A.B. asks: 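Below are the structure tokens for one structure; questions will follow.
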Amino acid sequence: MISSRLFLCGPTASGKTALALALAEAWGGEIVNGDAFQLYRGLEILSAAPSKDEQAACPHHLFGIMDAEESMDAARYAALANPVIEDIESRGKTAIVVGGSGLYLKFLTHGIAEAPPGNEEIRVELENWSVDQIFRRLQELDPNEAARQNSQNRRHLSRALEICLVTGGKASELRQNFEDPALVEKLKGIALTWPREILAERIALRTQIMLESGAIDEVKALPLEAGTIRQAIGVREIEAYFSGQMTLAECEERITISTRQYAKRQRNWFRRESWLRLLDGSLPLAEQVAEVTRWD
RNA sequence: GGCUCAUUAGCUCAGUUGGUAGAGCAGGGGAUUGAAAAUCCCUGUGUCCCUGGUUCGAUUCCGGGAUGAGCCA
């Protein structure tokens with residue numbers, strides 16, 4: 001019996017798309033996007049989204065559903081993805097959730113904290129504060145939360161302070177432990193792994209191909225109001241290229257480096273998810289499929 | 001051929017008024033519950049180009065050599 005939902009994770013350029021497709025064909029499954037940037041329209045090449053042909057091979061969900069101007073977050077993603085996954089399961093199919101965005105996937109697998117969503121007004125205001133100011137204010141409102149945060153991490157501190165300001169309470173009191181063993185035990189997922197040097201080569205090659213096959217035009221076409229999507233690796237680098245601050249070679253080099261560093265963070269993230277089973281990404285696809293089917 | 005300047009961490013460079021050296025980037029390790037492809041933390045011993053000399057002691061001063069750049073022929 002094939003499980004009704006499978007999470008397929010791993011660092012960028014590890015071959016998730018190809019394996020997902022092969023699994024979907026073998027099992028008659030459907031693919032659900034678990035990647036923060038493939039949700040968007042407009043950055044298909046830079047985000048390495050599955051091609052039109054690939055998407056035609058089996059049902060794909062949540063790819064290219066957002067405009068570049070829209071902003072996204074993990075909770076909204078989970079609100080979109082959960083019903084889709086449940087629908088697939090209700091039709092007796094397997095939902096194969098593929099992606100590399102650790103936080104987004106975690107909201108699916110472990111649940112969502114009962115905290116308020118981001119508040120644009122507060123965020124804009126906090127942009128003008130120094131990290132120290134944010135930290136000190138958080139210390140006043142919620143010393144416990146301040147103590148567990150890194151005093152230099154603007155993003156994490158801003159979020160914690162935002163929760164305090166919006167709720168009038170304490171962010172630390174809304175924190176919860178999501179590592180419920182009973183829940184985690186039921187999860188099924190795999191993480192693709194590669195030796196570091198080989199993954200680095202794959203990243204370098206893929207970066208080169210992206211730049212040769214339209215990534216530059218994609219970035220040129222991004223609307224100025226684009227929000228979340230601007231954080232994608234490659235956007236800043238390509239903009240620096242066409243504004244003349246970098247040569248194309250430097251641009252390619254910078255994107256390769258950022259991507260490699262991102263892959264490292266992803267490896268950290270997925271390594272902590274001890275429920276994920278590791279699968280050697282360098283195995284031939286057919287063997288990967290056989291391996292996963294056997295585990296299941 | 002002559003003169004000048006350079007040669008220090010994988011890369012770009014700083015520095016030591018002579019007591020064997022440090023930044024940025026890269027690399028390595030880690031954090032992470034509504035911006036996450038984001039954000040942040042930890043991590044730097046290297047024939048200080050080689051070789052003689054001066055010195056208690058030279059990467060630092062002096063001589064010679066090598067390599068590179070520039071200028072003059």
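We name chains A, B, ... by the order of the sequence lines, and we start the count at 1 in each one. If you're wondering where the values come from, they're calculated on a predicted model, not measured in any experiment.
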A.B. asks: Which whole-number value in Å describes the distance from A:I122 CD1 to B:G34 P?
C.D. replies: 14 Å
A.B. asks: Check A:C58 against A:L21 and note the closest heavy-atom contact, atom names and distance.
C.D. replies: SG-CD1, 4.1 Å
A.B. asks: Determine the interatomic distance between P on B:G65 and the same-named atom on B:G24; round to the nearest Å.
C.D. replies: 39 Å
A.B. asks: Given that both distances must come in under 3.5 Å, which nucleotide forms a Watson-Crick or G-U wobble pair with B:C48?
C.D. replies: none
A.B. asks: Name the closest nucleotide to the A:I257 side chain, picking from B:U39, B:C41, B:G27.
C.D. replies: B:G27
A.B. asks: How far does the P atom of B:C61 sit from the matching atom of B:G19, given to the nearest Å?
C.D. replies: 11 Å
A.B. asks: When you check the gap from the basic side-chain N to the acidic O, do A:E89 and A:R5 get nearer than 4.0 Å?
C.D. replies: yes
A.B. asks: Just name whichever nucleotide pairs with B:A35, Watson-Crick or G-U, keeping both distances under 3.5 Å, else none.
C.D. replies: none
A.B. asks: Identify which nucleotide among B:A37, B:C40, B:G34 has an atom closest to any side-chain atom of A:N150, counting heavy atoms from C-beta outward.
C.D. replies: B:C40
A.B. asks: Would you measure the distance from the P atom in B:A31 across to the matching atom in B:G22 and give it in whole Å?
C.D. replies: 29 Å
A.B. asks: Using Watson-Crick or G-U wobble geometry with both distances under 3.5 Å, which nucleotide pairs with B:C40?
C.D. replies: B:G30
A.B. asks: When the C1' atoms of B:A9 and B:U47 are compared, how many Å lie between them, rounded to an integer?
C.D. replies: 13 Å
A.B. asks: Let's see if you can work this out: which of B:U33, B:A37, B:G34 has an atom nearest to the side-chain heavy atoms of A:R123?
C.D. replies: B:G34
A.B. asks: On a whole-Å scale, what distance lies between the P atoms belonging to B:C13 and B:C49?
C.D. replies: 15 Å
A.B. asks: If you assign each of A:P117 and A:R154 to its closest nucleotide in RNA chain B, which residue comes earlier from the 5' end?
C.D. replies: A:P117
A.B. asks: Taking atom C1' in both B:G15 and B:G2, compute the distance separating them and give it to the nearest angstrom.
C.D. replies: 32 Å
A.B. asks: At their closest point, which heavy atom of A:S151 faces which heavy atom of A:V131, and how far apart are they?
C.D. replies: O-CG1, 3.5 Å
A.B. asks: Which nucleotide, B:A37, B:A26, B:G34, lies nearest any side-chain atom of A:S101?
C.D. replies: B:A37
A.B. asks: The side chain of A:R260 lies closest to which of these nucleotides: B:G34, B:G29, B:A26?
C.D. replies: B:A26
A.B. asks: Can you tell if the side chain of A:E252 reaches within under 4.5 Å of the side chain of A:Q208, non-hydrogen atoms only?
C.D. replies: yes
A.B. asks: Could you give the CD-to-P distance, from A:Q231 to B:A38, as a whole number of Å?
C.D. replies: 7 Å
A.B. asks: Rounding to the closest angstrom, what is the interatomic distance between B:G70 and B:G46 at atom C1'?
C.D. replies: 30 Å
A.B. asks: Output yes when A:R294 and A:E291 qualify as a salt bridge under the 4.0 Å nitrogen-oxygen rule, no when they do not.
C.D. replies: yes
A.B. asks: Need one value for A:T228: base, sugar-phosphate or nothing, where a base atom within 4.0 Å counts as base even if backbone is also close, heavy atoms only.
C.D. replies: sugar-phosphate
A.B. asks: Rounded to whole Å, please give me the gap between CG in A:N153 and C1' in B:A36.
C.D. replies: 11 Å
A.B. asks: Between P on B:C40 and CD on A:Q152, what's the gap in Å once rounded to a whole number?
C.D. replies: 9 Å
A.B. asks: Counting side-chain heavy atoms from CB outward, which of B:A36, B:A26, B:A35 is closest to A:Q261?
C.D. replies: B:A26
A.B. asks: Given side-chain hydrogen bond (donor to acceptor under 3.5 Å, both in side chains), test A:E237 with A:S258 step by step and report yes or no.
C.D. replies: CA-CA 10 Å; A:E237 292 87 345; A:S258 297; 3.3 Å; yes
A.B. asks: How do A:K264 and A:W269 order along RNA chain B: which one's closest nucleotide is nearer the 5' end?
C.D. replies: A:K264
A.B. asks: In whole Å, what is the span from the CG atom of A:L103 to the P atom of B:U33?
C.D. replies: 7 Å
A.B. asks: To the nearest angstrom, how far is A:D35 atom CG from B:A37 atom C1'?
C.D. replies: 8 Å
A.B. asks: Which value, in whole Å, describes the distance between the C1' atoms of nucleotides B:C25 and B:G18?
C.D. replies: 32 Å
A.B. asks: Parallel, tilted or perpendicular: which describes the rings of A:H110 and A:W275, with under 30° parallel and over 60° perpendicular?
C.D. replies: tilted
A.B. asks: For the pair made of OH in A:Y104 and C1' in B:U39, what is the distance, rounded to whole Å?
C.D. replies: 14 Å
A.B. asks: For a quick check of understanding: with a heavy-atom distance under 4.0 Å over all strands, which category does A:G111 fall into, base, sugar-phosphate or nothing?
C.D. replies: base
A.B. asks: Under 4.0 Å, counting only non-hydrogen atoms across every strand here, what does A:L157 touch: a base, just sugar-phosphate, or nothing?
C.D. replies: nothing
A.B. asks: From the set B:G34, B:G30, B:A37, return the single nucleotide nearest to any side-chain atom of A:R271.
C.D. replies: B:G30
A.B. asks: NA contact type, A:A113, heavy-atom cut-off 4.0 Å: base, sugar-phosphate, or nothing?
C.D. replies: base
A.B. asks: Side chain of A:N268: nearest nucleotide among B:A35, B:G30, B:A37?
C.D. replies: B:G30
A.B. asks: Mind calculating the distance between CZ (A:R196) and P (B:A26) to the nearest angstrom?
C.D. replies: 16 Å
A.B. asks: Base, sugar-phosphate, or nothing: which does A:R230 touch, judged by heavy atoms less than 4.0 Å apart?
C.D. replies: nothing
A.B. asks: Which atom pair, heavy atoms only, marks the closest approach of A:A13 to A:L199?
C.D. replies: O-CD1, 3.4 Å
A.B. asks: So, does A:R267 get its side chain near the phosphate of B:G29, meaning an N or O under 4.0 Å from OP1 or OP2?
C.D. replies: yes
A.B. asks: Identify the nucleotide, in any strand shown, that forms a Watson-Crick or G-U wobble pair with B:G22, with both distances under 3.5 Å; if there is none, say none.
C.D. replies: B:C13
A.B. asks: So what does A:I203 touch, heavy atoms closer than 4.0 Å: a base, only the sugar-phosphate, or nothing?
C.D. replies: nothing
A.B. asks: Identify whether A:W194 and A:L276 are in the same connected component of the hydrophobic contact network (ILVMFWY, side-chain heavy atoms under 4.5 Å).
C.D. replies: no
A.B. asks: Go through B:U33, B:A31, B:A35 for me and flag the one nearest to the A:E127 side chain.
C.D. replies: B:A35
A.B. asks: Any side-chain N or O of A:R175 less than 4.0 Å from the OP1 or OP2 oxygen of B:U33?
C.D. replies: yes
A.B. asks: Under a 3.5 Å limit for both distances, which nucleotide forms a Watson-Crick or G-U wobble pair with B:U60, could you say?
C.D. replies: none
A.B. asks: Could you identify the nucleotide paired to B:C3, looking across every strand shown and requiring Watson-Crick or G-U wobble geometry with both distances under 3.5 Å?
C.D. replies: B:G70
A.B. asks: Select base, sugar-phosphate, or nothing to describe what A:S47 touches, counting heavy atoms under 4.0 Å on all strands.
C.D. replies: base
A.B. asks: Mind telling me whether B:G34 is syn or anti, cutoff 90° either side of 0?
C.D. replies: syn
